[in-house]
Amino acid sequence: MRFMNILTFKLKVVKKMYKYDALLMASGGLDSTVMAYWLKSQGKKVLPLFIDYGQHFLKREYDTLLQVIPNDYKDSIRVVRIGDIYNSSKSSMIKEPDLWKDDITAENLYLPYRNLLFLSVAASVAQSENITEVYSAFINSNHAKEIDCSKDFFDKLGSMLEEYGTVRINMPFRDYSKSEVADIGIKLKAPISLTFSCQANSRVHCGVCPNCVDRLSALNSL
């Protein structure tokens, strides 16, 4: 009896240590929403990670995430706040522009080392939770001008994190277009029409920023 009690205790400890199969960088956008449903279709237990980096559209983005993420994952959403890093940024992702006066280009949306920062945060949370797989929905149609968004960068960072920290960065959609991702979403019955991807307006899709243009083109192609 004592042996069985010890064994049961150890099994509970192991189960707690490996509560999640994967961490997903989630935002309520089309790509990460489709990836959430893609992971769910594989039976993955997922920890969704939402990063508050001081974006002016924070509330709309987070409210959308709660609306579109699979119900199985909703109660597990983890929010990490790192907004102080970009306090001095003039980026249109931090300081909301006046769309009646300002022209919004990819250069206006630049944030230094954003992908490096986000992936480092995700990997740190994952390792703290004994999760070895981090999923990002980054795709090639992203128009952002960050210097840390090339295939070579992601390959090198992924290799380093896996070799020195046991965390693997997975980007299954990296070679897909947004239209292809949207098509996957339709097949998985993901609520892609409810997603929010705008980086220039905190309330509605502006329709002119690079993210909006990509999203509209993808939805129109279905």
Side-chain angles (χ1 to χ4, degrees), residues 15-86 93-94 111-139 142 144 146 148-149 153-154 157-158 160-162 164-174 181 184-185 188 190-192 194-199 211:
K15 185 176 180 180
K16 184 177 180 181
M17 287 178 61
Y18 298 97
K19 184 177 179 181
Y20 301 105
D21 300 315
L23 180 148
L24 169 65
M25 298 172 66
S27 69
L30 190 151
D31 305 324
S32 68
T33 298
V34 173
M35 181 156 289
Y37 278 80
W38 183 77
L39 290 169
K40 183 176 183 296
S41 72
Q42 299 181 33
K44 297 277 191 182
K45 292 180 291 184
V46 171
L47 172 63
L49 181 70
F50 179 86
I51 299 180
D52 170 2
Y53 55 97
Q55 63 271 47
H56 63 76
F57 43 88
L58 170 69
K59 184 179 187 306
R60 176 63 195 276
E61 192 175 42
Y62 185 70
D63 288 347
T64 300
L65 174 61
L66 293 176
Q67 186 177 14
V68 300
I69 198 166
N71 286 330
D72 292 355
Y73 300 160
K74 190 172 296 185
D75 291 339
S76 300
I77 295 173
R78 179 81 55 84
V79 178
V80 173
R81 297 175 176 84
I82 57 172
D84 287 349
I85 293 173
Y86 292 123
M93 294 178 68
I94 305 299
L111 280 175
Y113 298 106
R114 184 171 70 122
N115 291 320
L116 175 60
L117 179 62
F118 287 6
L119 288 169
S120 297
V121 168
S124 297
V125 173
Q127 192 172 70
S128 298
E129 293 286 342
N130 294 301
I131 301 170
T132 59
E133 302 283 335
V134 169
Y135 283 84
S136 167
F138 180 89
I139 63 173
N142 191 312
E146 289 92 340
D148 54 339
C149 64
F153 166 79
F154 285 129
L157 178 63
M160 182 191 72
L161 290 173
E162 186 174 2
Y164 294 103
T166 70
V167 174
R168 176 179 297 175
I169 304 296
N170 298 292
M171 297 183 177
F173 297 166
R174 184 171 61 184
V181 173
I184 294 172
L188 293 173
I192 60 175
L194 301 178
T195 58
F196 184 76
S197 302
C198 187
Q199 297 176 325
N211 268 22

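Predicted model, so just to flag it, every value in this text is computed and none were measured.
For the pair K40 and P70, the tightest heavy-atom approach, listed with the atom from each and the gap, is CD-CB, 3.5 Å. In plain terms, the two heavy atoms of T33 and T195 that are nearest each other are OG1-CG2, 3.5 Å. What you find for G29 and S197 is that their closest heavy atoms are CA-OG, 3.9 Å. Across every non-hydrogen atom of I51 and I82, the tightest pair is CG2-CD1, 3.6 Å. Annotation for L119 and M171: closest pair CD1-CE, 4.0 Å, computed over non-hydrogen atoms. In terms of heavy-atom proximity, S136 sits nearest to M25 at CB-SD, 4.0 Å.
Here the side chains of W38 and L188 are in contact, with some heavy-atom distance below 4.5 Å. For the pair T132 and R168, the minimum side-chain heavy-atom distance is 4.5 Å or more. Between L117 and I85 the shortest side-chain heavy-atom distance falls below 4.5 Å. Using a 4.5 Å cut-off on side-chain heavy atoms (C-beta onward), R78 and V125 make contact. Contact check for L194 versus T64: no side-chain heavy atoms found under the 4.5 Å cut-off. Contact annotation: the side chain of L58 approaches that of F50 to within less than 4.5 Å [non-hydrogen atoms, C-beta and beyond]. Between L39 and L24 the shortest side-chain heavy-atom distance falls below 4.5 Å. Y53 has its side chain within reach of R114: a pair of non-hydrogen atoms, C-beta onward, lies under 4.5 Å apart.
For N71, the side-chain hydrogen bond (donor to acceptor under 3.5 Å, both in side chains) partners two or more places apart in sequence, or in a different chain, are K74.
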- Passes side chain to side chain contact (heavy atoms under 4.5 Å, CB included), V79 versus Y62? Steps please. CA-CA 9 Å; V79 178; Y62 185 70; 3.7 Å; yes
- Message: One pair to check against side chain to side chain contact (heavy atoms under 4.5 Å, CB included): V34 and F173. What are the steps and the verdict?
- Response: CA-CA 10 Å; V34 173; F173 297 166; 4.0 Å; yes
- Message: For a side chain to side chain contact (heavy atoms under 4.5 Å, CB included) check, start with the C-alpha distance between I77 and L66, then their side-chain angles and the critical distance, and finish with the verdict.
- Response: CA-CA 9 Å; I77 295 173; L66 293 176; 3.6 Å; yes
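A distance of 9.0 Å separates OH in Y135 from CG in D21, rounded to the nearest 0.5 Å. Taking CD from E133 and CG from L23, the interatomic distance works out to 11.0 Å, rounded to the nearest 0.5 Å. Distance check: M35 CE to F138 CZ gives 12.0 Å after rounding to the nearest 0.5 Å. Rounded to the nearest 0.5 Å, atoms CZ (F196) and CG (N211) are 9.5 Å apart. How far CD of Q55 is from CD of E61: 5.0 Å, rounded to the nearest 0.5 Å. Here the straight-line distance linking atom OH of Y20 with atom OG of S76 works out to 3.5 Å at 0.5 Å rounding.
Judged purely by atom type and a 3.5 angstrom limit, Y86 uses its side chain to pair as donor or acceptor with the backbone of P112. Using a distance-only test at 3.5 Å, with no hydrogens or angles considered, a donor-acceptor pair links the side chain of S32 to the main chain of S27. Looking only at distances, no side-chain donor or acceptor of D52 sits under 3.5 Å from a matching main-chain atom of V80.
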